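Just so we're clear, the structure is a prediction, and the values are computed from it rather than from any experiment.
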Amino acid sequence: MTERELALAIDSTIRRAGFEKPAFETIVASGPNSALPHARPTDRTLGEGDLVVLDFGGVYDSYCVDLTRTVVVGSATVRAREVHAAVRTAHDRAIEAIGPGASRFAIDAAARDFLTAAGMGAAFGHGTGHGLGVEVHEEPRISRRGPNVDTSREAVMPGMVFTIEPGAYFPGWGGVRIEDDVLVTESGVDVLTQATTELITV
């Protein structure tokens, strides 16, 4: 199967599940293509040992879902398991940092600091998350504090929905991203997407 064929199958499944349409162009990125965070599906055929980043979502009753999982074709290498485990822990650390009034920069740091300690900080080049609603990218931005970053509205508040999606990408080899949608509650956080975050082999 090619990346394009798999993307078409995912889009068809999204519609059959009752969604109005895909929320964005489905990403299927295999092997070295998985090192590109915003890769588009190509005619590359999935092969043994490939990491495959699957980033997809649907629109239901006008609202967007955004989910990413990374799977492996056949047997995973030791390196693939190590990178996936590190990204999964970074993802969990970020979710643990969420609560009413928490800093969106601190949430990002919870994921980023873990990957940095694991020697993968340079491989994580994007923000940890983004708001999600009637548009697939909204406020708040869960990102690093920086000179070109708007630091107003730093705290996340009950009712906000956003993604948590750390990743690690290594050009020429591949990458891993794990993304869930979360809701800030009065007492903490609810994870709205329930697919397993374990490394799945297919």
Side-chain angles (χ1 to χ4, degrees), residues 24 27-40 49-56 66-72 76-99 101-132 136-156 160 162-182 184 188-189 191 193 195-200:
F24 51 89
I27 294 173
V28 176
S30 63
N33 291 346
S34 63
L36 306 171
H38 301 291
R40 294 189 173 203
D50 279 352
L51 284 167
V52 186
V53 172
L54 307 170
D55 188 345
F56 56 92
D66 189 0
L67 176 73
T68 305
R69 291 294 185 266
T70 303
V71 302
V72 66
T77 65
V78 171
R79 185 182 184 193
R81 292 188 181 280
E82 289 175 349
V83 174
H84 188 276
V87 172
R88 186 183 185 200
T89 300
H91 161 277
D92 293 349
R93 294 281 179 90
I95 290 175
E96 290 167 4
I98 299 169
S103 163
R104 57 192 175 94
F105 304 118
I107 297 168
D108 178 272
R112 196 171 304 280
D113 290 353
F114 180 82
L115 287 174
T116 299
M120 301 180 196
F124 180 25
H126 56 74
T128 295
H130 57 81
L132 189 65
V136 76
H137 289 97
E138 298 185 351
E139 296 296 330
R141 303 288 174 168
I142 311 301
S143 66
R144 286 177 281 194
R145 191 189 302 272
N148 298 318
V149 174
D150 180 3
T151 57
S152 64
R153 298 188 300 275
E154 178 175 342
V156 300
M160 286 184 172
F162 50 85
T163 68
I164 292 295
E165 51 180 300
Y169 313 92
F170 302 90
W173 179 76
V176 171
R177 181 165 66 255
I178 301 172
E179 177 184 27
D180 278 307
D181 303 341
V182 300
V184 183
V189 60
V191 179
T193 36
T196 181
T197 58
E198 294 181 3
L199 180 60
I200 297 171

Side chain to side chain contact (heavy atoms under 4.5 Å, CB included) for Asp55 and Asp66? Distances and angles first, verdict last.
CA-CA 7 Å; Asp55 188 345; Asp66 189 0; 3.1 Å; yes
Roughly how far apart are Ile98 CD1 and Ile164 CD1, rounded to 0.5 Å?
4.0 Å
To the nearest 0.5 angstrom, please state how far the CD atom of Glu165 sits from the NE2 atom of His126.
6.0 Å
Taking all heavy atoms of Asp180 and all of His91, pick out the closest pair and write down the distance.
OD2-NE2, 2.8 Å
Once you round to the nearest 0.5 Å, how far does CZ of Arg141 lie from CZ of Arg153?
11.0 Å
What are the two closest non-hydrogen atoms of Arg177 and Val53, and how far apart are they?
NH2-CG1, 3.8 Å
If I take atom OG1 from residue Thr197 and atom CZ from residue Arg88, how far apart are they, to the nearest 0.5 angstrom?
3.5 Å
Is the NZ or CZ atom of Arg104 positioned over Phe162's six-membered ring, under 6.0 angstrom from the centre and within 45° of the axis?
no
Atom CZ of Arg40 with >12 non-hydrogen neighbours under 6.0 angstrom:
no
Say whether, by atom type as modelled, one donor and one acceptor occur between the side chain of Thr193 and the main chain of Asp181 under 3.5 angstrom.
yes
Could you give the distance from OG1 (Thr116) to CZ (Phe124), rounded to the nearest 0.5 Å?
9.0 Å
Nearest heavy-atom contact between Arg112 and Arg144 is NE-CG, 3.1 Å
Please report the closest heavy-atom contact between Asp50 and Ser30, naming both atoms and the distance.
OD2-CB, 4.0 Å
Are the aromatic rings of Phe24 and His38 close, with centres under 6.0 Å apart?
no
Which atom pair, heavy atoms only, marks the closest approach of Leu199 to Thr70?
CD1-O, 3.6 Å
Do you know which two heavy atoms are closest between Ile107 and Ala102, and how far apart they sit?
CD1-CB, 4.4 Å
So CD of Glu179 and CG of Leu54: to nearest 0.5 Å the spacing works out to 12.0 Å
Just by modelled atom types, is the His130 backbone N or O under 3.5 Å from a matching donor or acceptor in the Thr163 side chain?
yes
With heavy-atom distances below 4.5 Å as the criterion, would you say the side chains of Ser143 and Phe105 are in contact?
yes
